[in-house]
Amino acid sequence: MPKSKIKKNITAADPLRLGLCCQFLEQPIKFRVTTATALQRLARRDQLARLAQLCEHNASALLAALQFCAVHKIGSFRILSPIMPVKTHPTIGYRVEELPNAQAIVRQFQDCGDFARTHGIRTGFHPDQFVVLNSPDENILARSIADIESQAEIAEWVNADTVNIHGGGGYGNKPAALDRFRINLERLSTRARMRLTVENDDKTFTPADLLPLCQSEEVPLVYDAHHHRCLPDNMDVDHATEAARATWKKREPLFHLSSPLEGWSGPKPERHHDYIDPKDFPQAWLGWPLTVEVEAKAKELAVAKIQKDLASQK
């Protein structure tokens, strides 16, 4: 595997770095998106002009988001996947070089990376669940690789060190599906491969399923404790934590945390609550350098609450 050339300054003063995911609930920081349907009404020149405006706005919003994180001691920010809207769409998609003021747009994103680096804020991407590396359908696979490569390109500008995906589908044969994942890793560029991580999910692949792949291919495991409780295996949280931590080699591990909307005995425990129940925060995650992305619907309010809850336990 090629060595990472990511310029890193992602060491937080507190060994635990809490992360905000993509959006805000109350803060007036908004990212804008569009649809292919809306753009298809326009001539190509007008499409690109509109897309340039959206990208410029989103770069400004990203800087504002990072500034908020710096002020509120939030150590990580997950960047909205369509921060450059419909970039990989099969008919409306575009290369950044096609946009009006392309160099200025890239510079805006690079400024975000400079700010994040200076203030010790870690950034990353999490493509949606339909982005998979093990689909037997070549069209789905090609679109997935295009999405990963697009986010890796932006990650290079903003100093993001992760592009995190799920293991994908089992397709009736999980070992074969993971073999396809291994094979398709070779189709990624260096900048995508060095940032790629894989996460256990709540339907198909547990930590025990993914760890052999992570260990053999040097793909870090993003351990999701909520998913693990929904889809358990023979590992407890402490064992899974240590095994996942070891896959990160010289990088700070990144894990996910959420709480069930209607409790663990509710009808659908996989659904996310607005906040994190502090009892759901594993004790094994405390006391060593770790990024924990807070996957909660109350967004910045949820991060603030778990910050206070954890501080009160010290």
Side-chain angles (χ1 to χ4, degrees), residues 1-12 17 19 21 62 66 75-81 83-84 87-88 95-96 106 109-110 112-118 120-128 131-134 141-168 178-200 205 207 210-224 243-256 289-293:
M1 176 180 174
K3 294 182 179 179
S4 172
K5 295 182 181 179
I6 302 167
K7 297 177 182 177
K8 290 183 285 186
N9 181 6
I10 54 170
T11 301
R17 185 198 310 270
C21 294
L62 177 57
L66 295 170
S76 174
F77 186 74
R78 182 193 295 174
I79 299 172
L80 187 75
S81 290
I83 195 161
M84 297 186 73
K87 187 168 180 286
T88 61
R95 293 176 293 105
V96 67
V106 172
F109 282 111
Q110 290 172 336
C112 293
D114 291 342
F115 183 91
R117 187 181 302 111
T118 299
I121 300 170
R122 189 179 193 179
T123 57
F125 288 86
H126 190 6
D128 69 36
V131 175
V132 295
L133 273 184
N134 69 351
L141 179 60
R143 291 198 300 270
S144 295
I145 291 173
D147 281 342
I148 292 169
E149 291 291 350
S150 174
Q151 292 183 34
E153 178 184 30
I154 304 167
E156 200 167 54
W157 305 335
V158 299
N159 198 46
D161 76 317
T162 56
V163 176
N164 179 51
I165 65 174
H166 288 174
L178 291 178
D179 283 342
R180 283 196 300 275
F181 191 111
R182 287 187 178 89
I183 292 167
N184 292 329
L185 285 172
E186 299 302 317
R187 296 175 62 170
L188 298 179
S189 67
T190 298
R191 69 182 172 194
R193 180 68 174 84
M194 71 171 58
R195 291 175 170 86
L196 190 78
T197 62
V198 65
E199 173 189 351
N200 61 294
F205 290 110
L210 294 175
L211 277 164
L213 165 74
C214 295
Q215 292 158 352
S216 67
E217 306 304 320
E218 297 189 358
V219 177
L221 176 64
V222 174
Y223 175 43
D224 188 307
R245 181 180 179 182
T247 65
W248 285 85
K249 306 299 181 183
K250 297 181 180 180
R251 274 198 287 166
E252 180 176 304
L254 168 68
F255 292 173
H256 289 174
L290 172 65
T291 299
V292 177
E293 290 186 339

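Along the sequence shown, residues carry numbers from 1. Computed from a prediction, not measured in an experiment: that's the story for all the values here.
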Please find the pair of heavy atoms, one from [X] and one from [Y], that lie closest to each other, and give the distance.
X: Phe125; Y: Leu80; value: CE2-O, 4.1 Å
X: Leu290; Y: Pro253; value: CD1-O, 3.5 Å
X: Pro127; Y: Asn164; value: CD-O, 3.0 Å
X: Arg122; Y: Thr291; value: NH1-OG1, 3.0 Å
X: Ser150; Y: Thr88; value: CB-CG2, 3.5 Å

Without swapping roles, check the side chain of [X] against the backbone of [Y] for a donor-acceptor pair under 3.5 Å.
X: Thr118; Y: Asp114; value: yes
X: Arg78; Y: Cys21; value: no
X: Glu199; Y: Asp224; value: no
X: Arg182; Y: Ser216; value: no
X: Thr197; Y: Val222; value: no

Legend entry - Between His126 and Glu293, a side-chain donor and acceptor under 3.5 Å: no
Legend entry - Option passing side chain to side chain contact (heavy atoms under 4.5 Å, CB included) with Glu156 (candidates Met194, Arg191, Gln151): Arg191
